[in-house]
Structures are given as C-alpha cells and as structure tokens.
Amino acid sequence: GPSRGIADYLAEDVLARLPETQRNFVITSSMFDTFCPSMCDAVFERDDSSELIEQTHRDNLFLQIIDADGSWYRYHPLFRDFLRTQIPSLTNSGNKTREWHLKAAKWLDSAGRGLQAIDHAIAGNSPELAAELMTARATDFVRTGQFGLVSHWIELLSKEVLSQHPSLAIAGAYAMVFLHRYKDATTLLAQIEPIAAGIREPAHDLLVLRVMLGAWSDDLPKAMETAVNAL
C-alpha cells in the first residue's frame with residue numbers, strides 16, 4: 001500500500017522544490033502512461049514541452065526513456081501514481097482533464113498509436129470516439145488473433161453505442177466465438193441483427209457467425225438448417 005512517508009517526501013522534497021512551470025508540467029504529464037514532447041505540446045497547448053522534459057530527465061525525477069530515438073518517455077509507475085493524486089490540486093484541472101484525454105486520443109490516433117488513443121478516449125468519457133477508434137482496428141485485430149482485446153472493447157461499450165457501429169459488434173462476435181463464449185456471442189448477435197441484417201457485408205458475416213455458433217456448440221442440425229435456408 002501507499003506509504004505516507006514516501007508521499008510526504010515526494011511532495012515536500014521533490015515537487016515543492018521545482019519551479020512552478022516544471023512542477024505543473026510534471027504533474028499533468030503523469031496522466032499519460034507514455035508521452036513525447038509533440039504530444040504534450042498539442043494536448044496542453046504549449047511549445048516548451050521538449051525543454052521541460054529534458055530538464056525533468058536531467059533532474060533525475062524518475063523519468064525513463066523508452067525508445068531508441070529518445071523521444072518517448074514514461075515515469076516510474078510508483079512516481080506516476082503519486083503524481084496523479086496531485087492533479088486535482090491544480091487550478092481548473094477538473095474541467096481540463098477530460099479535454100486533455102480527448103486531445104490525447106485524437107493526437108495518438110493521428111500518430112498511429114491506436115491502442116493508447118482508445119484508452120484515452122475511454123478515460124475521457126467519450127464512448128462514441130472510442131467506438132470509432134475501435135471500429136477502425138477491430139476486424140484486423142480479430143484476423144491477427146487478438147480476441148481477448150476485442151471482446152474487452154465490446155464490454156466497455158453500451159448497447160446504444162454498439163448499435164451505431166455494426167462492424168465493430170460483428171468483430172466482437174467473432175472474437176467471442178473464437179474464445180468459445182457462445183452465449184455472449186449469441187446475445188451480441190441478437191442485439192445487432194435488426195440493424196445489420198439489411199446491409200450486405202454485415203449480413204454475410206451474420207450468416208457465417210450463426211453457422212459457426214451452431215457447428216462449434218455441437219448443434220450441427222441448427223448449423224445445417226441455417227446454411228441451407230440461406231442458400
């Protein structure tokens with residue numbers, strides 16, 4: 001568990017001795033698991049992130065370089081967790097945190113870091129943005145065997161949001177079938193069939209999924225009936 005003595009040390013002997021600009025930057029940048037100067041400039045609307053990161057690294061403030069180019073960083077997990085407890089102490093941070101998460105999500109998506117982008121969209125309480133980002137990747141992730149991740153995404157979204165993204169829901173149903181979660185896949189199909197049945201490509205996937213569910217759950221007559229009716 002957290003140690004009061006360590007927290008006091010970090011607050012009084014580490015953060016309190018930093019210049020205000022650097023202290024605020026160290027605290028706010030802790031909301032990212034990993035970050036780079038360009039991302040911080042875009043999210044926090046500043047132009048000095050590179051200098052502040054370099055100074056933080058020189059000061060040995062538990063900041064680690066995590067790529068060969070030296071452009072991406074992360075705080076030591078324990079220090080990061082402490083810093084995140086300090087974010088509410090910043091002026092207007094409560095109103096800004098969601099905005100920062102959503103800006104980070106959009107920046108990361110444009111930088112080709114989709115998984116991080118999705119995490120920030122969820123943290124920013126924007127399931128609609130998260131669903132858009134998931135939809136762009138879910139089918140490819142199923143094809144490469146990342147079933148657990150895709151099924152986890154589906155569990156994070158409401159029925160209402162999924163109804164607006166039938167291709168994402170179908171990818172989730174495939175993931176659940178491959179994970180042998182037949183009951184969950186059946187429930188998901190029942191939710192999206194009224195919406196997707198009239199759209200050509202989703203309709204084909206719905207048929208395939210129904211046949212797979214019948215065959216894989218040892219109900220071969222049902223699988224055959226579904227296929228024959230479709231033919």
Side-chain angles (χ1 to χ4, degrees), residues 1-130 133-134 146 148-149 152-153 155-157:
S3 165
R4 185 69 261 167
I6 293 176
D8 289 343
Y9 162 73
L10 292 173
E12 297 173 9
D13 289 2
V14 177
L15 288 185
R17 298 187 179 188
L18 298 177
E20 182 179 4
T21 299
Q22 186 182 3
R23 180 172 64 252
N24 290 348
F25 178 82
V26 168
I27 292 173
T28 53
S29 60
S30 71
M31 67 183 291
F32 309 129
D33 289 337
T34 62
F35 56 91
C36 69
S38 298
M39 175 180 170
C40 292
D41 280 346
V43 172
F44 300 131
E45 298 180 356
R46 58 192 314 146
D47 58 10
D48 58 352
S49 297
S50 181
E51 293 81 2
L52 290 168
I53 290 173
E54 289 177 6
Q55 183 60 51
T56 301
H57 191 254
R58 286 196 299 269
D59 290 344
N60 294 318
L61 291 180
F62 314 104
L63 185 63
Q64 304 166 333
I65 299 173
I66 61 172
D67 68 335
D69 297 331
S71 56
W72 282 86
Y73 300 82
R74 69 180 173 203
Y75 293 110
H76 185 284
L78 295 178
F79 187 50
R80 182 194 63 212
D81 291 346
F82 164 76
L83 290 174
R84 287 177 177 176
T85 68
Q86 306 301 303
I87 292 177
S89 67
L90 300 178
T91 304
N92 294 326
S93 64
N95 298 327
K96 286 288 189 179
T97 301
R98 182 175 184 270
E99 177 186 337
W100 290 336
H101 277 300
L102 297 183
K103 284 184 177 181
K106 294 174 182 177
W107 189 93
L108 287 162
D109 179 47
S110 67
R113 292 176 172 260
L115 293 181
Q116 288 177 271
I118 290 168
D119 288 341
H120 281 287
I122 293 169
N125 194 29
S126 179
E128 295 82 6
L129 175 59
L133 298 172
M134 293 172 185
Q146 300 182 66
L149 177 60
H152 174 64
W153 286 350
E155 292 165 352
L156 295 174
L157 302 175

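Every value quoted in this text rests on a predicted model; they were computed, and no experiment measured them.
- The structure places CD of Gln22 at 9.5 Å from CG of Leu15, a figure rounded to the nearest 0.5 Å.
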**Study point:** Derivation and outcome, side-chain contact (heavy atoms from CB on, under 4.5 Å), residues His120 and Ser126
**Key:** CA-CA 9 Å; His120 281 287; Ser126 179; over 6 Å; no
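- Evaluation of the side chain to side chain donor-acceptor pair (under 3.5 Å) rule for Ser71 yields Asp67 as partners, not counting sequence neighbours.
- When the side chain to side chain donor-acceptor pair (under 3.5 Å) test is applied to Glu128, no partner is found at least two apart in sequence or on another chain.
- The closest side-chain heavy-atom distance from Met134 to Ile122 is below 4.5 Å.
- Ser110 is not listed as a side-chain neighbour of Lys106, based on a closest heavy-atom distance of 4.5 Å or more.
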Practice item. Report the C-alpha separation of Glu99 and Lys96 in whole Å, then their side-chain angles, then the decisive distance to 0.1 Å, and conclude whether the salt bridge (Lys or Arg N to Asp or Glu O under 4.0 Å) test is met. Key: CA-CA 5 Å; Glu99 177 186 337; Lys96 286 288 189 179; 3.7 Å; yes
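- The NE2 atom of His76 sits 14.5 Å away from atom CZ of Phe82, with the distance rounded to the nearest 0.5 Å.
- By the 6.0 Å contact criterion, CD on Glu155 is enclosed, its count of non-hydrogen atoms from other residues, nucleotides or ligands being greater than 12.
- Arg80 places no side-chain N or O within 3.5 Å of a backbone atom of Tyr75 that could act as its donor or acceptor partner.
- Taking 4.5 Å as the limit, every side-chain heavy atom of Asp59 sits out of range of all side-chain heavy atoms of Thr56.
- Atom CG of Leu133 and atom CZ of Arg113 lie 15.0 Å apart (nearest 0.5 Å).
- When all heavy atoms of Ile65 and Tyr73 are compared, the pair lying nearest together is CG1-CE2, 3.5 Å.
- Inter-residue side-chain proximity for Phe25 and Ile53 is flagged as met; some heavy-atom pair is nearer than 4.5 Å.
- Using a 4.5 Å cut-off on side-chain heavy atoms (C-beta onward), Gln86 and Arg23 make no contact.
- A heavy-atom distance below 4.5 Å is not found between the side chains of Gln55 and Thr21.
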Under 3.5 Å, which donor-acceptor pairs link side chains of residues 30-43 to any protein atom two or more places apart or in another chain?
| unit_1 | atom_1 | unit_2 | atom_2 | d |
| --- | --- | --- | --- | --- |
| Ser30 | OG | Ile27 | O | 2.6 |
| Asp33 | OD1 | Arg84 | NH2 | 2.8 |
| Thr34 | OG1 | Gln116 | NE2 | 2.7 |
| Asp41 | OD1 | Ser49 | N | 3.2 |
| Asp41 | OD1 | Ser49 | OG | 2.6 |

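- Summarising the geometry of Leu129 relative to Ala105, their closest heavy-atom pair is CD2-CB, 4.0 Å, with the distance given to 0.1 Å.
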Practice item. Please lay out, stage by stage, how Leu156 and Ile118 fare under the test side-chain contact (heavy atoms from CB on, under 4.5 Å). Key: CA-CA 11 Å; Leu156 295 174; Ile118 290 168; 6.0 Å; no
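- Counting heavy atoms from C-beta on, the side chains of Phe62 and Leu83 never come closer than 4.5 Å.
- Between Phe44 and Trp100, the ring planes are perpendicular. Angles over 60° get that label, and only those under 30° would be called parallel.
- Residues Asp119 and Leu108 fail the side-chain proximity criterion, which asks for heavy atoms closer than 4.5 Å.
- Separating the CD atom in Gln146 from the CH2 atom in Trp153 is a distance of 7.5 Å, to the nearest 0.5 Å.
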